[in-house]
Amino acid sequence: MTYRREEHNWIPESDLEGVSVDTLAVRAGQIRTGQLEHSDAIFPTSSFVYGSAAQAAARFSGDEPGNIYSRFTNPTVQAFEARIAAMEGGDRAVATSSGMAAILATCMALLKSGDHVICSRGVFGTTNVLFQKYMAKFGLETTFVSLTDMSAWQSAVRPETRMLFIETPSNPLCEVADMTALSALAKANDALFVVDNCFCTPVLQRPFEFGADIIIHSATKYLDGQGRCVGGAVVGPNNLMEEVYGFLRSAGPTMSPFNAWVFLKGLETLPIRMRAHCDNALGLAVWLEQQPGIERVFYAGLKSHPQYELAARQQSGFGGVLSFTVKGEREAAWAFIDATRLISITANLGDVKTTITHPGTTTHGRLSPEDKASAGITDNLVRISVGIESIDDIKVDLERGLAALAK
């Protein structure tokens, strides 16, 4: 195929073969219009027109590729899907309205009544609620086990087990799973191995290289990086993603074109942001370990972390989220949080702005006391999503919290 540069509206996949994740974050998936714009275009349209009734019929039947309706086909959304799939090294991605919608779509598309899921306890609180409360209504049973206890995973397997679901590192205790071992267990039992890669993103961790079948993202977090939009993505092989896409087409948990455009812009700076998050988080974790009033710091980049060596093998960086326990109970944790002035008190994470929250009453607040205890969510636990501000300024603000503890 020959062409002049000004005539082609996309970058052929062959031109991107072998390039780094940093380059894919900027270049993959872009579809230029006839205007040959340099930045990604937004297509804020609900529907598309056809040249004839016959063409419309061919599009709807699937005999001819092309856009039909933005609930399931939109060029801006497709550009985001292509970029995140390329960055993860997957065949295809399906974008959704939120990270939770990505998990829901995966389960509804690939599981059925009577199936069994094994899920790590250290997942986002709402993920626990989705499996335990809502998916259970449709006959899906879930067993929760420790992320790091392989014997517990092995003991939980049943003949009807069809999915192993994890977050690694976990939220909020930063536990790290042995993905190679879990993948082998899943494959030996004809089950899917699903990894939520929200904390690391493909910049720091590529779960397909360790045997994952499907990768889940809350694009709301680091993929955006500035707390602007809500969205999610499911990445995997074509045959599985066709089923997820079919659910999206029928049920409609759809990503909007505008949000997809924002995520495309976010992905362009994801590699440099993730490295800045990692640098700040590691420096802050080391500093917090030395502070009076702090009982324990949870961060996989610390050599004191029980899965430090595993994290170093599986990840190219340790991420931007850490948590710690303060001396005292809930009142002490709240006093620490309330004393800060620069850091934002919000449950969102992955923002360039540092955020702080009390997991036991926010992100994991809907869990029963027993489930909180099993997941290690104590009353004195505080989680910080470390931003890219000056680390010295972050420390000064946290010193206000330490002073409140001293009182």
Side-chain angles (χ1 to χ4, degrees), residues 29 59-75 77-119 123 127 130-131 134-142 158-167 182-183 185-198 202 206-208 211-219 231-256 260:
R59 293 275 178 89
F60 272 79
S61 68
D63 291 336
E64 176 183 307
N67 298 306
I68 300 171
Y69 191 58
S70 279
R71 185 177 71 243
F72 55 99
T73 52
N74 180 276
V77 176
Q78 290 163 351
F80 166 71
E81 291 171 334
R83 187 168 299 176
I84 190 62
M87 292 176 69
E88 285 287 14
D91 293 342
R92 181 180 177 184
V94 178
T96 60
S97 57
S98 69
M100 291 309 306
I103 299 173
L104 174 66
T106 301
C107 292
M108 295 297 286
L110 303 176
L111 300 174
K112 65 183 185 305
S113 178
D115 283 349
H116 175 241
V117 174
I118 311 174
C119 181
V123 292
T127 303
L130 177 67
F131 280 116
Y134 294 104
M135 297 309 300
K137 292 182 179 182
F138 296 92
L140 188 72
E141 189 170 351
T142 304
R158 306 175 186 173
E160 62 270 22
T161 300
R162 291 293 171 265
M163 180 182 289
L164 276 60
F165 186 99
I166 68 167
E167 291 180 20
L182 287 173
S183 170
L185 180 65
K187 287 175 173 53
N189 291 277
D190 196 26
L192 295 171
F193 180 37
V194 181
V195 177
D196 187 322
N197 198 26
C198 176
R206 288 160 62 88
F208 288 137
D213 296 299
I214 293 172
I215 295 172
I216 299 286
H217 278 287
S218 172
V234 188
V235 189
N238 283 314
N239 63 321
L240 298 180
M241 292 306 97
E242 186 62 26
E243 292 297 317
V244 177
Y245 170 76
F247 175 78
L248 186 88
R249 176 171 183 166
S250 299
T254 308
M255 179 180 287
S256 77

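All values below were derived from every heavy atom in this structure, side-chain atoms included, with hydrogens, water molecules and symmetry-related copies excluded. Quantities reported herein were computed from a predicted structural model and do not represent experimental measurements.
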Problem - Candidate pair E141 and E160, rule side chain to side chain contact (heavy atoms under 4.5 Å, CB included), full reasoning - result: CA-CA 10 Å; E141 189 170 351; E160 62 270 22; 5.7 Å; no
Handout entry: Short side-chain to backbone donor-acceptor contact, D213 and F193, under 3.5 Å
Key = yes
Fill in the blank from the handout: Output for pair (L110 CG, E243 CD), nearest 0.5 Å, gives 7.0 Å
Exercise for the section: Mark yes or no for whether E167, through its side chain, and D196, through its backbone, hold a donor-acceptor pair below 3.5 Å. Expected result: no
Practice task
Could you tell me the separation between the CG atom of L248 and the CG atom of L104, rounded to the nearest 0.5 Å?
Solution key: 10.5 Å
Completion exercise
Note: P207 and N197 closest approach over all heavy atoms is CD-ND2, 3.5 Å
Fill in the blank from the handout: To the nearest 0.5 Å, atom CZ of F138 lies from atom SG of C107 at 11.5 Å
Exercise for the section: Could you check if a side-chain atom of M135 sits within less than 4.5 angstrom of a side-chain atom of L130, using non-hydrogen atoms only? Expected result: yes
Exercise for the section: Side-chain contact test, heavy atoms from C-beta onward, threshold under 4.5 Å: evaluate it for V123 versus F131 and give yes or no. Expected result: no
Practice task
Determine yes or no for a side-chain-to-main-chain donor-acceptor pair under 3.5 angstrom, with R59 supplying the side chain and P65 the backbone.
Solution key: yes
Practice task
Walk me through it: do M100 and T127 pass the test side chain to side chain contact (heavy atoms under 4.5 Å, CB included)?
Solution key: CA-CA 7 Å; M100 291 309 306; T127 303; 3.8 Å; yes
Handout entry: Sidechain-backbone polar pair: T73 side chain, I68 backbone, donor-acceptor under 3.5 Å
Key = yes
Problem - Which atom of K187 lies closest to which atom of G211, heavy atoms considered - result: NZ-O, 2.9 Å
Handout entry: From CA spacing to verdict: side chain to side chain contact (heavy atoms under 4.5 Å, CB included), T142, F165
Key = CA-CA 10 Å; T142 304; F165 186 99; over 6 Å; no
Exercise for the section: Work out which heavy atom in M163 is nearest to a heavy atom in A191; give both atom names and the distance. Expected result: N-CB, 3.8 Å
Practice task
For R158 and D115, indicate whether the former's side chain and the latter's backbone hold a donor-acceptor pair under 3.5 Å.
Solution key: no
Fill in the blank from the handout: The reported gap from CD1 in I214 to CG in L240 (rounded to nearest 0.5 angstrom) is 5.0 Å
Exercise for the section: Would you name the heavy atoms of V77 and A95 that are closest together and state the gap between them? Expected result: CG1-CB, 3.7 Å
Problem - Residue among V234, D91, T106 satisfying side-chain contact (heavy atoms from CB on, under 4.5 Å) with M241 - result: V234
Fill in the blank from the handout: Distance col, row I118:CD1 vs N189:CG, nearest 0.5 angstrom, shows 7.5 Å
Handout entry: Pairwise distance CD(E88) to CZ(R206) - rounded to 0.5 angstrom
Key = 7.0 Å
Exercise for the section: Kindly give the heavy-atom pair with the smallest separation between A93 and I84, and that separation in Å. Expected result: CB-CG2, 3.7 Å
Handout entry: Smallest separation among heavy atoms of N74 and N67, with atom names
Key = N-OD1, 4.0 Å
Practice task
Could you tell me whether the side chain of S250 reaches within less than 4.5 Å of the side chain of F72, counting heavy atoms only?
Solution key: no
Exercise for the section: Decide if atom OH of Y69 counts as having more than 12 heavy atoms of other residues, nucleotides or ligands within a radius under 6.0 Å. Expected result: no
